[in-house]
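Working notes for the structure below.
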Amino acid sequence: LISYPTVSDDFDQLCINLDNLDLQDADMIIASFALRKNERVVHLTASGNNIGAPGVAALVECIQYQQKHRKNRSTINSVNLSDNLIDFNGAAYISKGLFGHPPCDRHYQQSSCRQCCGSAPKLKYLDLSNNLLKENGIKSLVLPQKMCFLKELRLNKN
């Protein structure tokens with residue numbers, strides 16, 4: 001794993017760069033387990049690998065674990081998984097695990113939704129460009145992305 005400071009004023013926050021390492025699902029499962037207890041990583045990029053639904057599921061569990069056990073401390077809030085093998089099943093893990101649940105009426109009305117998704121992990125950036133999501137995978141992500149915290153969702157070339 002290669003880590004370096006992100007471009008921020010807080011050098012205690014790190015980015016893990018796993019781009020183009022030919023990672024498979026088993027590798028992502030191991031990396032996700034190791035990241036669970038790391039309190040400095042806020043950005044993970046694993047673009048250009050062979051990560052599919054099992055690897056995504058492990059990463060979702062990692063982020064959920066961090067959110068549950070860290071309360072007010074930093075968690076992974078930015079993930080780049082572009083150029084992988086993520087399909088509808090991977091999108092479903094992300095949608096359910098990171099966005100909490102399908103959006104409620106509050107999300108469509110754009111009023112406060114803290115009551116229903118306040119405990120959902122606060123992922124701010126997600127790049128799933130150039131994967132195998134197809135229409136159903138994209139739909140499973142686009143509707144719930146109206147959750148409180150996600151600022152940017154990239155789904156180009158799916």
Side-chain angles (χ1 to χ4, degrees), residues 1-6 8-19 23-47 49 51-82 84-108 110-128 131 133 137 139-155:
L1 299 177
I2 302 167
S3 61
Y4 53 90
T6 59
S8 76
D9 294 333
D10 187 356
F11 287 101
D12 287 337
Q13 297 182 346
L14 296 177
C15 171
I16 298 293
N17 184 341
L18 302 174
D19 290 350
L23 296 179
Q24 311 293 316
D25 289 322
D27 301 314
M28 197 64 197
I29 291 167
I30 293 167
S32 294
F33 185 77
L35 287 170
R36 281 182 177 213
K37 303 260 178 167
N38 189 313
E39 296 189 11
R40 296 177 62 198
V41 175
V42 294
H43 176 74
L44 173 68
T45 178
S47 178
N49 289 294
I51 300 167
V56 169
L59 180 59
V60 167
E61 289 174 13
C62 168
I63 294 171
Q64 288 173 326
Y65 178 91
Q66 289 181 339
Q67 183 71 25
K68 181 178 178 183
H69 291 89
R70 291 194 195 165
K71 302 298 178 202
N72 296 322
R73 292 177 283 169
S74 297
T75 61
I76 293 174
N77 61 36
S78 175
V79 177
N80 178 357
L81 292 172
S82 62
N84 275 288
L85 303 174
I86 301 167
D87 59 8
F88 171 77
N89 293 322
Y93 284 124
I94 292 168
S95 183
K96 185 176 181 197
L98 297 184
F99 300 144
H101 47 74
C104 65
D105 290 338
R106 288 186 194 97
H107 299 111
Y108 293 116
Q110 296 187 8
S111 63
S112 175
C113 60
R114 296 228 185 272
Q115 185 177 20
C116 60
C117 73
S119 63
K122 285 139 183 90
L123 193 66
K124 294 177 183 174
Y125 172 85
L126 177 61
D127 188 345
L128 294 173
N131 275 285
L133 300 177
K139 282 181 182 177
S140 74
L141 293 164
V142 170
L143 292 177
Q145 72 89 16
K146 294 187 180 208
M147 295 301 205
C148 300
F149 307 105
L150 192 65
K151 304 262 190 249
E152 186 172 351
L153 174 63
R154 293 188 180 189
L155 298 170

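The model shown is predicted, which means the values in this text are computed figures rather than measured ones.
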Could you tell me the separation between the [atom1] atom of [X] and the [atom2] atom of [Y], rounded to the nearest 0.5 Å?
X: Leu44; Y: Asn38; atom1: CG; atom2: CG; result: 11.0 Å
X: Leu155; Y: Lys139; atom1: CG; atom2: NZ; result: 13.5 Å
X: Asn84; Y: Leu23; atom1: CG; atom2: CG; result: 8.5 Å
X: Leu98; Y: Glu61; atom1: CG; atom2: CD; result: 11.0 Å
X: Phe88; Y: Ser95; atom1: CZ; atom2: OG; result: 8.5 Å

If you take all heavy atoms of [X] and [Y], which pair is closest and at what distance?
X: Cys62; Y: Arg36; answer: SG-N, 3.8 Å
X: His43; Y: Val79; answer: ND1-N, 4.4 Å
X: Leu141; Y: Leu128; answer: CD1-CD1, 3.5 Å
X: Ala53; Y: Asp25; answer: N-OD1, 4.4 Å

Enclosure of Tyr125 OH (heavy-atom neighbours >12, cutoff 6.0 Å): yes
Passing option when Thr75 is tested against His69, Gln64, Gln66 for side chain to side chain contact (heavy atoms under 4.5 Å, CB included): Gln66
Look at the side chain of [X] and the backbone N and O of [Y], then say whether any donor-acceptor pair between them is shorter than 3.5 Å.
X: Ser32; Y: Ile29; result: no
X: Asp27; Y: Ile30; result: no
X: Asn80; Y: Ser82; result: yes
X: Asp19; Y: Ser47; result: yes
X: Asn131; Y: Leu133; result: no

Heavy-atom check, side chain of Ile16 versus side chain of Thr45, under 4.5 Å: no
Within-4.5 Å side-chain heavy-atom neighbours: Ile94 and Leu123: no
Candidate pair Tyr65 and Lys37, rule side chain to side chain contact (heavy atoms under 4.5 Å, CB included), full reasoning: CA-CA 9 Å; Tyr65 178 91; Lys37 303 260 178 167; 3.3 Å; yes
Check against side chain to side chain contact (heavy atoms under 4.5 Å, CB included), Leu59 and Leu81: CA-CA 10 Å; Leu59 180 59; Leu81 292 172; 3.9 Å; yes
